[in-house]
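A short worksheet on the structure shown next.
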Amino acid sequence: MARKQVSTRGGAVWRDRTKLTHSGNSPFENHGIVNPPVYHASTVLYRTMAEMQQKESRPFDYITYGRTGTPTTLAFERAIADLEEADRAIAMPSGLAAIAGALFSFLKTGDHILMTDTTYFPTRKLCDHQLAKLGVSTTYYDPMLGAGIEALIQPNTRVIYLESPGSHTFEVQDVPAIVAVAQKHDCITMIDNTWASPLFFKPLNFGVDLSIHAATKYIVGHSDTMMGTIAMREKYFYTVKSQVHGMGYAAGPDDCYLALRGLRTLSARMAQHQQSALQIAAWLQHRPEVERVLHPAFPGTPGHEIWKRDFKGSSGLFSVVLKPCSQAQLAAMLDGLQLFQMGYSWGGYESLVVPSNLGKARTAKPWKDEGPMLRLHVGLEDPEDLIADLDDGFARLRAGVPGESAAQ
C-alpha cells in the first residue's frame, strides 16, 4: 500500500471543512466502514522475496513494519497533509517529539539556529540542553524583527524557527519577511503552528519549509491523547522521516485513530473557541484588575496588523496581564475558580488557566510587566458561565479571600 495524499475526489478540489470530513477515509477499502479501523502491528508479512526487496528499497512508501506506520497512521497523516496543503505529513508521539524530530533532521554539530524568543518553553529547554550538548548553538531573537533577522544570520546558521503567535505573549511574526531572508541564506524554516490550527494559517503557503503541530491540542481536541505532526513538501520527507524513524519515534495506532476522530470536528470546535474567546477577551479589557489583554485579534498586541493580513481566524488561547497584586490575592482568585481549572496544555473542550512567570523564558527582550500574567484557554462552555467564574475570581482577588476549589 503506497502512501498517497490527496484532497480531491472526481477532480473536485475540496475546501477545508470538506477535507476535515473526508480526508484520510477510504470506506470501500474497509468493507464500507466509514472510519478507518485501528491496525495494531509490529510484523508485516511479504508474499515473495521480490516484494520484500522492492518495499525495503523504499520502506517509507509502503507498510513495512509497525514502527514505520500502519494504515491507521497513514490515514491520519494523509488528512493532515491535505489540510496543511502539504505533500507529506508525519505523525509523532507528542508535540515536543515533532519539534525535536524536525530540528534533529537538519542540525548537526557546529550548526547554529535562530530561535524565536517567544517559543514554547520545552523547545527552549531542548535548545539549551540537548542541542547544546551536541554542539549546536542557539540565538534567541525578538519575534518582531521581521526582515531585520538578517543581521543575526551567521555563516553556520542552518535553521530559523518561528512560533506565531508566540507562546504566552502572542506576538505575531512577519512570516513572509523572515522566509525571504531564510531563502536568501539557504536556511530551513520551521514554525510551530499549533495556536492557529491548519484552519486559520497554512505556513507552507507562505513559504515555510516545515509546519509543526502539537496535535495533542486542537487537532485531538479532547485532552486525552499525546500527538504531534510535521507537514512538509516532498523534497524534505525522506530527510525527516529517516531521522525520526532512526531515533525510534512512532505514533501509536490508537492515538492516530483518536487524533483523526478529533480532526473531524475541528472546524466546529474552532469556531466556538474563537467566538467565546473574543467575547471573554473583550470583557476582560474593561476590568479594573486588568492591565492589558494579549490577543492577536486585538489592536495593541504586537503583530496585530500582521495577524489581520495573514490569518483567517483566532483560537481560544490568549493571555491577560493583571495589575500588580500579591501572591495571596492571585491564589485567592485562581484557587476558587470552578470552570477555569489550572492545568498545563490547552486545546481541549475544557477551559484552563495557568499563571505565567516569564522571568527566565525571555532573553532577547526582557519581560518588564510588573503584574502577574494569566494564560487562558477558553473551552466550549457557555461564555456567560465562564465570565461569571472569572468575575467571582476577581471579587476574591480584591478581597484577598480564597474560595472553595472546584476540586474539593
Side-chain angles (χ1 to χ4, degrees), residues 2-26 60-61 73-92 95 98-99 101-102 105 161-165 172-180 182-183 188-215 217-221 227-241 256 259-260 262-271 274 306-307 309-315:
R3 295 170 185 261
K4 186 178 180 182
Q5 290 159 340
V6 297
S7 58
T8 63
R9 281 186 193 159
V13 178
W14 290 344
R15 294 172 176 83
D16 280 350
R17 284 170 60 186
T18 306
K19 292 178 185 177
L20 286 171
T21 306
H22 294 287
S23 288
N25 277 7
S26 300
F60 306 138
D61 284 339
T73 316
L74 304 192
F76 174 58
E77 291 176 339
R78 185 162 58 247
I80 291 295
D82 285 350
L83 194 59
E84 291 259 44
E85 297 184 9
D87 297 323
R88 299 274 197 153
I90 300 171
M92 299 288 282
I99 294 165
S105 294
Y161 190 100
L162 306 89
E163 182 173 336
S164 184
V172 182
Q173 297 186 254
D174 192 340
V175 173
I178 294 173
V179 165
Q183 292 175 343
I188 297 292
T189 48
M190 309 175 183
I191 189 169
D192 185 329
N193 192 39
T194 306
W195 180 89
S197 87
L199 288 180
F200 293 154
F201 188 68
K202 298 187 188 298
L204 272 65
N205 291 346
F206 289 80
V208 177
D209 295 314
L210 275 70
S211 175
I212 300 167
H213 282 270
K217 298 177 171 66
Y218 283 126
I219 289 173
V220 168
M227 181 61 63
T229 62
I230 311 170
M232 69 217 78
R233 299 293 178 215
E234 186 69 36
K235 66 179 180 178
Y236 297 119
F237 175 72
Y238 275 89
T239 297
V240 180
K241 183 64 177 180
C256 288
L260 187 58
L263 196 67
R264 302 305 181 203
T265 61
L266 180 64
S267 179
R269 289 185 287 107
M270 291 301 288
Q274 174 175 233
I306 299 172
W307 174 82
R309 182 191 72 189
D310 294 345
F311 286 68
K312 294 181 180 179
S314 60
S315 69

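Numbers here are sequence positions counted from 1.
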Output for pair (Ile306 CD1, Ser164 OG), nearest 0.5 Å, gives 7.5 Å

Sorted by chain and number, sequence neighbours left out, side-chain contact (heavy atoms from CB on, under 4.5 Å) with Ser267 holds for Arg17, Leu20, Leu199

| query | Any side-chain heavy-atom pair from Glu84 and Pro203 closer than 4.5 angstrom? | reply | yes

Any idea how His22 and Trp14 line up, ring-wise: parallel (<30°), tilted (30 to 60°), or perpendicular (>60°)? tilted

inquiry  = Any salt bridge linking Asp61 with Arg88? Criterion: basic side-chain nitrogen under 4.0 Å from a carboxylate oxygen.
reply    = yes

Taken in chain and number order and not counting sequence neighbours, the residues that satisfy side-chain contact (heavy atoms from CB on, under 4.5 Å) with Ala75 are Pro36, Arg78, Leu260

Residues at least two apart in sequence or cross-chain that pass ring pair (Phe, Tyr, Trp, His ring centres under 6.0 Å) with Tyr161, listed by chain then number, are none

Checking Trp307 side chain against Gly313 main chain: does a donor-acceptor pair fall under 3.5 Å?
yes

**Message:** Between Asp310 and Val172, does the side chain to side chain contact (heavy atoms under 4.5 Å, CB included) criterion hold? Intermediate values first, please.
**Reply:** CA-CA 10 Å; Asp310 294 345; Val172 182; over 6 Å; no

Distance col, row Met270:CE vs Lys312:NZ, nearest 0.5 angstrom, shows 13.0 Å

> So, does Asp192 use its side chain to make a donor-acceptor pair with the main chain of Glu163 at under 3.5 Å?
Replying inline: no

Point to revise | Heavy-atom check, side chain of Val208 versus side chain of Asn193, under 4.5 Å | key: no

* To do: Specify whether Phe311 and Phe201 have parallel, tilted or perpendicular ring planes, treating 30° as the upper limit for parallel and 60° as the lower limit for perpendicular.
  => parallel

Residues passing the salt bridge (Lys or Arg N to Asp or Glu O under 4.0 Å) test with Arg309, sequence neighbours excluded, are Asp174

Interatomic distance, CG@Leu204 vs CD@Glu85, rounded to 0.5 Å, equals 9.0 Å

Shortest non-hydrogen pair, Ala79 vs Ser23, comes out as CB-O, 3.5 Å

Does any part of the side chain of Ile219, heavy atoms only, come nearer than 4.5 Å to the side chain of Met227, both counted from C-beta?
no

Is any side-chain heavy atom of Phe206 less than 4.5 Å from a side-chain heavy atom of Ile191?
no

Exercise. Any side-chain heavy atom of Lys241 sitting closer than 4.5 Å to one from Ile90?
Worked result: yes

To the nearest 0.5 Å, atom CD of Gln274 lies from atom CZ of Arg269 at 14.0 Å

task = Output yes when a side-chain donor or acceptor of Thr194 lies under 3.5 Å from a complementary backbone atom of Ala214, and no otherwise.
result = yes

Residues at least two apart in sequence or cross-chain that pass side-chain contact (heavy atoms from CB on, under 4.5 Å) with Ala102, listed by chain then number, are Met190, Leu210, Ile212, Ile230

Across all chains, not counting sequence neighbours, the side-chain contact (heavy atoms from CB on, under 4.5 Å) partners of Gln183 are Val179

query = If we only count heavy atoms from C-beta on, is the Ser314 to Trp195 side-chain gap below 4.5 Å?
reply = yes

Between the OG atom in Ser197 and the NE2 atom in His213, the distance rounded to the nearest 0.5 Å is 7.0 Å

When rounded to the nearest 0.5 Å, the distance separating OG of Ser211 from NZ of Lys202 is 9.5 Å

